[in-house]
Amino acid sequence: MKPVFVLNGPNLNMLGLREPEIYGQETLADVQQVCEAAGARLGFPIDFRQTNIEGELVSWIQGARGVACGLVINAAAYTHTSVAIHDAIKASGLPAVEVHLTNVYKREPFRHKSFVSGVVMGVICGFGGYGYVLALEALSRIVIQTSKN
Ligand code: DQA
């Protein structure tokens, strides 16, 4: 089975330290661990990455084409600004799920706009690290369905 790329954008390396009243105590290493456990249960390897650099995220999405079976992406602040990430997801031709730890619709209005939502299968937000597990479960159904067609 090809891996699922779980890609994380800027400042997510600061989880656990960063605004714990908003993001909680969970670290990115904790999120990686739950993703790897979910991947093992669902039957696909997880390639888990984080970067603070927009272009690196774009290159990773491009590199997933033909290599990964799908994408789980938390583009963090770039969600709200990046046409380049929108275009890269579209060009990858891969099923993708957008994840946010927080419910972005309960937060500032500038977080209500996503350049990612229009090019993914669905969006999960507001459930912390557990949202990544939900995203992997949704993706596994899509990947299994597509492989049957
Ligand atoms: C986030 C929400 C974004 O608005 C914010 O810029 C982040 C994290 C989340 O996971 O809740 O960095 O993507």
Side-chain angles (χ1 to χ4, degrees), residues 1-20 22-40 42-105 107-140 142-143 146:
M1 189 54 142
K2 287 178 181 168
V4 172
F5 281 17
V6 181
L7 304 179
N8 295 280
N11 300 307
L12 292 171
N13 55 313
M14 300 290 288
L15 279 183
L17 300 172
R18 173 192 188 196
E19 301 174 273
I22 294 175
Y23 292 104
Q25 306 290 336
E26 214 172 10
T27 65
L28 195 61
D30 296 331
V31 177
Q32 178 166 2
Q33 213 167 46
V34 295
C35 286
E36 282 166 359
L42 296 165
F44 42 68
I46 300 294
D47 190 333
F48 190 96
R49 306 181 194 181
Q50 187 275 333
T51 180
N52 292 323
I53 302 165
E54 182 179 8
E56 192 160 35
L57 210 44
V58 169
S59 296
W60 286 347
I61 297 165
Q62 288 183 7
R65 194 188 162 93
V67 173
C69 65
L71 302 171
V72 170
I73 180 156
N74 183 350
Y78 293 138
T79 305
H80 317 298
T81 61
S82 180
V83 176
I85 290 171
H86 169 106
D87 288 350
I89 295 171
K90 210 168 174 184
S92 78
L94 290 169
V97 180
E98 176 181 355
V99 176
H100 299 285
L101 297 153
T102 61
N103 180 351
V104 285
Y105 300 102
R107 300 182 61 192
E108 304 94 319
F110 66 83
R111 295 184 204 276
H112 301 177
K113 161 90 187 156
S114 168
F115 282 94
V116 173
S117 300
V119 286
V120 293
M121 308 287 304
V123 183
I124 295 168
C125 72
F127 300 105
Y130 182 58
Y132 286 68
V133 175
L134 296 173
L136 288 166
E137 282 172 1
L139 203 54
S140 89
I142 295 161
V143 170
T146 327

Where do [X] and [Y] come nearest, in terms of heavy atoms and distance?
| X | Y | result |
| --- | --- | --- |
| A96 | L139 | N-CD1, 4.3 Å |
| P10 | A75 | CD-O, 3.6 Å |
| H86 | F115 | ND1-O, 2.8 Å |

Show me the donor-acceptor pairs within less than 3.5 Å that the side chains of residues 56-73 make with the rest of the protein, sequence neighbours left out.
{"from": "E56", "atom 1": "OE1", "to": "T51", "atom 2": "OG1", "distance (Å)": "2.6"}
{"from": "S59", "atom 1": "OG", "to": "G55", "atom 2": "O", "distance (Å)": "3.1"}
{"from": "R65", "atom 1": "NH1", "to": "A91", "atom 2": "O", "distance (Å)": "2.7"}

Do I46 and L136 make a side-chain contact, defined as non-hydrogen atoms from C-beta onward lying under 4.5 Å apart?
yes

Are I89 and E98 close enough that some pair of their side-chain heavy atoms sits under 4.5 Å apart?
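Of all side-chain heavy-atom pairs linking E98 with I89, none is under 4.5 Å.
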
What's the spacing between Q25 CD and L17 CG if we round to 0.5 Å?
9.5 Å

Nearest 0.5 angstrom please: E19 CD to N11 CG, how far?
9.0 Å

Contacts of E108 that satisfy side-chain hydrogen bond (donor to acceptor under 3.5 Å, both in side chains) - sequence neighbours left out
R111

N52: side-chain hydrogen bond (donor to acceptor under 3.5 Å, both in side chains) partners, not counting sequence neighbours:
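By the side-chain hydrogen bond (donor to acceptor under 3.5 Å, both in side chains) rule, N52 matches Q50.
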
Run the side chain to side chain contact (heavy atoms under 4.5 Å, CB included) check on L12 and L101 step by step: do they pass?
CA-CA 10 Å; L12 292 171; L101 297 153; 3.9 Å; yes

Check against side chain to side chain contact (heavy atoms under 4.5 Å, CB included), V133 and F127:
CA-CA 10 Å; V133 175; F127 300 105; over 6 Å; no

[X]: partners by side-chain contact (heavy atoms from CB on, under 4.5 Å), with sequence neighbours left out:
| X | result |
| --- | --- |
| D87 | V83 |
| D30 | E26, T27 |
| Q33 | none |

Among residues two or more places apart or on two chains, list those pairs meeting side chain to side chain donor-acceptor pair (under 3.5 Å) that have a residue in residues 118-136.
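Found N8-Y132, N74-Y132.
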
Write out all pairs satisfying side chain to side chain donor-acceptor pair (under 3.5 Å) with one or both partners inside residues 75-84, taking only residues at least two apart or from two chains.
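Listed by first then second residue: E54-S82.
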
Pairs touching residues 126-137 that satisfy salt bridge (charged side-chain N to carboxylate O under 4.0 Å, His left out), sequence neighbours left out:
R41-E137

Pairs involving residues 113-123, ordered by first then second residue, that meet salt bridge (charged side-chain N to carboxylate O under 4.0 Å, His left out) (sequence neighbours left out):
none

Can you establish whether the number of heavy atoms outside M14 located under 6.0 Å from its atom CE is more than 12?
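Open.
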
Contacts of H112 that satisfy ring pair (Phe, Tyr, Trp, His ring centres under 6.0 Å) - sequence neighbours left out:
Y105

